[in-house]
Student: 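Below is the structure I would like to discuss, written out as structure tokens.
Only a predicted model underlies this, so the values are computations on that prediction, with no experimental measurement involved. Remember, it's 1-based here, ligands and their atoms both numbered in the order they're listed. This chain uses plain numbering: 1 for the first residue, then up along the sequence.
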Amino acid sequence: MKFNSKAVHAGDRKREPGKPIPVATPIYASASFFYDSLETIDKVFAHEVQGYAYSRYDNPTNAALEELVSTLESAHGTLATASGMSALQIALTAALMDRRKHVLAANALYGATVKLLQNVFEPFGTTNSFVDICDLDAVAKAIEADKPGVILMESISNPLLRIGAMDKIAEMARAAGACLMVDNTFASPALVRPLELGAHVVVHSATKYLSGHGDVIGGFVCCDEEHFAPVRTLSRIYGPILGPFECYLSMRGIKTYPLRIERQNANAIAVAAHLERHPKVSRVYFPGLASHPDAETTARLFPKNQYGAMVSFEIRDAGKAEVFAFFDALKMIVPATSLGDVHTMALYPDIASHRDIPAKQRARLGIQPNLVRLSVGIEDIEDILADLDQAFG
Ligand SMILES: Cc1ncc(COP(=O)(O)O)c(C=O)c1O
């Protein structure tokens with residue numbers, strides 16, 4: 001099956017002779033399961049037969065969603081977790097268990113991911129270093145110097161939308177015995193599948209493109225065979241699992257995800273082109289523009305004319321007051337924290353995703369106080385452009 005068909009069919013409609021087959025996997029709101037003989041549950045606990053015993057370990061709704069996401073990300077196994085952050089937490093813990101406890105991270109990461117590394121992993125003895133992940137010489141030198149157990153990057157960085165050469169970094173990671181972990185939230189598997197490029201682990205905030213409707217907080221850890229076993233083992237102990245109702249919502253969302261992302265990608269190209277010509281905009285960050293610093297890597301790794309649906313831009317000569325005025329003037333675009341939903345959303349990184357990063361460090365990373373991040377939705381493009389234009393005043 002091809003990608004769109006997999007999104008519709010994978011995980012669902014398991015056939016069992018003589019039994020009715022639901023067209024959509026039901027919500028198994030059951031904490032535990034039993035069988036007509038104790039011998040069966042003994043075999044389930046021993047993993048001798050496939051089955052369900054306790055929903056912290058496994059649940060049929062979760063299993064259906066996990067199979068679907070594994071199929072989309074070309075993973076051996078997937079764990080659906082309670083949030084994107086819990087996905088990162090368990091993925092990092094599992095990958096570091098039998099490796100040198102040093103994480104070499106991209107210097108442009110979601111703010112809470114940086115906090116997770118510095119405020120949670122460091123006190124437990126893990127060390128971190130940060131590198132410009134788009135500078136391959138710098139990455140090679142950092143691997144040589146720091147001997148990381150894990151290299152962590154985002155497939156499209158937040159909020160300046162830089163794209164690192166995941167395939168080349170995967171080669172370097174493998175040569176050094178390190179695990180390459182890619183947060184694929186911003187790109188999503190319709191655009192790039194890091195495991196196919198040599199990464200070991202992919203994490204997602206399922207809250208974003210995959211679920212897509214702003215009604216779920218969730219995450220995924222998708223792994224090759226070697227890395228999935230410790231993730232599942234840890235999950236059975238920690239229990240950071242996604243509830244079956246959220247699994248159901250996510251699965252329902254993913255069925256239309258390829259259609260949504262196609263429309264969002266096309267709308268984003270039009271928004272970026274419009275903003276690049278706009279007199280009130282001094283700079284646009286979008287991987288599809290010739291001016292983008294990673295245009296060559298994007299052309300090599302991403303499908304033609306699909307650059308994701310995130311567009312960042314700087315409002316000309318604007319300070320905080322002017323940026324606030326722009327947000328307050330928006331009529332249709334939703335000024336809420338998140339991305340990847342069906343509706344277009346605007347976020348001000350200085351007060352939201354990158355709020356806890358000191359102003360000087362933000363400036364060093366190129367995040368200016370007049371930067372706005374847009375997540376382009378599926379609305380009619382004329383309405384998106386008209387709302388932006390009227391908000392510029
Ligand atoms: C790239 C990225 N990774 C991880 C997360 C965390 O996801 P969640 O909010 O679902 O915990 C986010 C949230 O915005 C994100 O943007």
Student: Is the distance from the ring center of Tyr209 to that of Tyr257 below 6.0 Å?
Tutor: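 Judged by ring-centre distance (under 6.0 Å), Tyr209 and Tyr257 do not meet the cut-off.
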
Student: Centroid separation under 6.0 Å, is that true for the rings of Tyr54 and Tyr57?
Tutor: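 Yes: the rings meet the under 6.0 Å criterion.
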
Student: For atom 16 (O) of ligand 1, what is the closest protein heavy atom, and at what distance to 0.1 Å?
Tutor: Phe186 CE1, 3.7 Å

Student: Give yes if a backbone or side-chain nitrogen or oxygen of Glu154 is under 3.5 Å from a nitrogen or oxygen of ligand 1, and no if not.
Tutor: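 N/O-N/O distance under 3.5 Å: no.
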
Student: Would Gly84 count as being in polar contact with ligand 1, using the rule that some N or O on each side must be under 3.5 angstrom apart?
Tutor: yes

Student: Using a strict 4.0 Å cut-off to heavy atoms of Asp183, name the atoms of ligand 1 that fall inside it.
Tutor: 1 (C), 2 (C), 3 (N), 4 (C)

Student: Parallel, tilted or perpendicular: which one describes the rings of His200 and His227, with boundaries at 30° and 60°?
Tutor: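 Correct class here is tilted.
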
Student: Tell me whether His204 reaches ligand 1 (any heavy atom closer than 4.0 angstrom to a ligand atom).
Tutor: no

Student: Shortest non-hydrogen contact from Ser338 to Lys208?
Tutor: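 Taking every non-hydrogen atom into account, OG-CE, 3.2 Å.
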
Student: At a 4.0 Å cut-off, with the gap strictly under it, does some heavy atom of Gly218 reach an atom of ligand 1?
Tutor: yes

Student: NZ of Lys255 to CZ of Arg252: how many Å apart, nearest 0.5 Å?
Tutor: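 Nearest 0.5 Å value for the NZ-CZ distance: 10.0 Å.
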
Student: I want to know if ligand 1 touches Met85 in the polar sense, i.e. an N/O pair below 3.5 angstrom.
Tutor: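 For ligand 1, there is an N or O atom that lies under 3.5 Å from one belonging to Met85.
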
Student: Answer yes if the side chains of Asn119 and Glu122 hold a donor-acceptor pair under 3.5 Å, and no otherwise.
Tutor: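 Result is no, nothing qualifies.
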
Student: Using distance alone, decide if ligand 1 has a nitrogen or oxygen within less than 3.5 Å of any nitrogen or oxygen in Lys208.
Tutor: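 Yes.
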
